[in-house]
Amino acid sequence: MKDNAIESKSKAFAIRIVRLYQFLSAEQQEYVLSKQILRSGTSIGANIREGIQGFSKNDFIFKMSTALKECSETLYWLELLHETGYLSTSQFSSIQCDAEELLKLLTAIVKSARREHAT
């Protein structure tokens with residue numbers, strides 16, 4: 001299978017999210033927000049993978065749009081974890097940068113796919 005940038009970046013991000021969840025639950029004793037970010041942060045890559053394997057252009061657009069929404073939600077949880085002191089500024093900045101990159105890529109993919117589909 002050829003390398004797909006969005007797929008590999010989302011998988012690497014999911015791994016970071018799993019490690020963040022492990023840190024938050026073990027070191028910070030935080031269990032509620034960490035479950036939310038684990039769900040949304042790992043869902044991004046799962047939806048991308050499903051979209052790539054989709055049966056139609058509509059299926060692809062739907063799954064990529066879902067991944068985009070999950071990425072936006074993950075950024076919300078990251079901001080909340082940072083603003084409540086569970087993540088330091090350096091911890092937050094590092095993972096936020098990755099999430100923002102995914103958000104930009106997904107936005108471009110969805111816009112392009114919708115444009116192509118409309119013609």
Side-chain angles (χ1 to χ4, degrees):
M1 181 166 102
K2 75 176 190 150
D3 186 42
N4 183 319
I6 190 72
E7 193 172 10
S8 56
K9 286 178 186 289
S10 64
K11 187 173 187 181
F13 184 74
I15 291 167
R16 287 194 75 186
I17 290 293
V18 169
R19 291 190 177 131
L20 175 59
Y21 169 77
Q22 291 168 331
F23 164 77
L24 289 168
S25 56
E27 303 292 324
Q28 300 283 0
Q29 310 292 294
E30 199 299 309
Y31 305 105
V32 177
L33 300 177
S34 60
K35 285 268 193 200
Q36 293 284 7
I37 200 164
L38 178 65
R39 187 198 56 73
S40 66
T42 57
S43 177
I44 300 165
N47 279 291
I48 289 168
R49 174 83 57 101
E50 284 184 50
I52 290 168
Q53 299 302 319
F55 295 109
S56 68
K57 193 65 161 182
N58 282 340
D59 193 28
F60 176 81
I61 293 168
F62 176 75
K63 288 298 181 179
M64 291 299 164
S65 297
T66 302
L68 178 61
K69 288 191 268 187
E70 293 291 342
C71 191
S72 180
E73 179 183 337
T74 300
L75 276 161
Y76 172 80
W77 296 122
L78 286 169
E79 291 165 8
L80 203 54
L81 285 163
H82 177 245
E83 291 170 23
T84 56
Y86 286 107
L87 291 178
S88 69
T89 299
S90 64
Q91 290 168 323
F92 170 73
S93 297
S94 172
I95 199 163
Q96 180 203 25
C97 184
D98 288 352
E100 292 283 356
E101 181 183 7
L102 279 174
L103 193 70
K104 287 176 187 171
L105 287 169
L106 285 163
T107 299
I109 288 168
V110 169
K111 283 182 179 178
S112 175
R114 285 183 178 155
R115 223 178 2 260
E116 289 173 17
H117 190 59
T119 58

For Phe23 against Leu87, the heavy-atom pair lying closest together: CE2-CD2, 4.5 Å
Partner of Leu68 under side-chain contact (heavy atoms from CB on, under 4.5 Å), chosen from Thr107, Ile44, Ile109: Thr107
Straight-line distance of Thr89 OG1 to Gln96 CD, nearest 0.5 Å: 10.5 Å
side-chain contact (heavy atoms from CB on, under 4.5 Å) evaluation trace for Ser34 with Gln28: CA-CA 10 Å; Ser34 60; Gln28 300 283 0; over 6 Å; no
Glu79 side chain to Leu81 backbone, donor-acceptor under 3.5 Å: no
Taking every non-hydrogen atom, the tightest pair across Thr74 and Ser40: OG1-OG, 2.8 Å
Minimum-distance pair of heavy atoms, taken over all atoms of Lys57 and Ala113: CE-O, 4.0 Å
Pair Ile61-Met64, side-chain contact (heavy atoms from CB on, under 4.5 Å): steps then yes or no: CA-CA 5 Å; Ile61 293 168; Met64 291 299 164; 6.0 Å; no
Donor-acceptor under 3.5 Å (Ser112 side chain, Ala108 main chain): no
Nearest-0.5 Å distance, CD of residue Glu73 to CZ of residue Arg39: 4.5 Å
Same apolar cluster: Leu80 and Tyr21, side chain cutoff 4.5 Å: yes
Approximate separation, where rounding is to 0.5 Å, of Leu103 CG and Glu70 CD: 12.5 Å
Same apolar cluster: Phe62 and Val110, side chain cutoff 4.5 Å: no
With sequence neighbours excluded, residues passing ring pair (Phe, Tyr, Trp, His ring centres under 6.0 Å) with Tyr76: none
Nearest-0.5 Å distance that lies between atom OG in Ser43 and atom CD1 in Ile17: 11.5 Å
Euclidean distance, Lys9 NZ relative to Leu106 CG, rounded to 0.5 Å: 11.5 Å
Distance in Å, Ser25 OG paired with Leu38 CG, rounded so as to fall on 0.5 Å steps: 9.0 Å
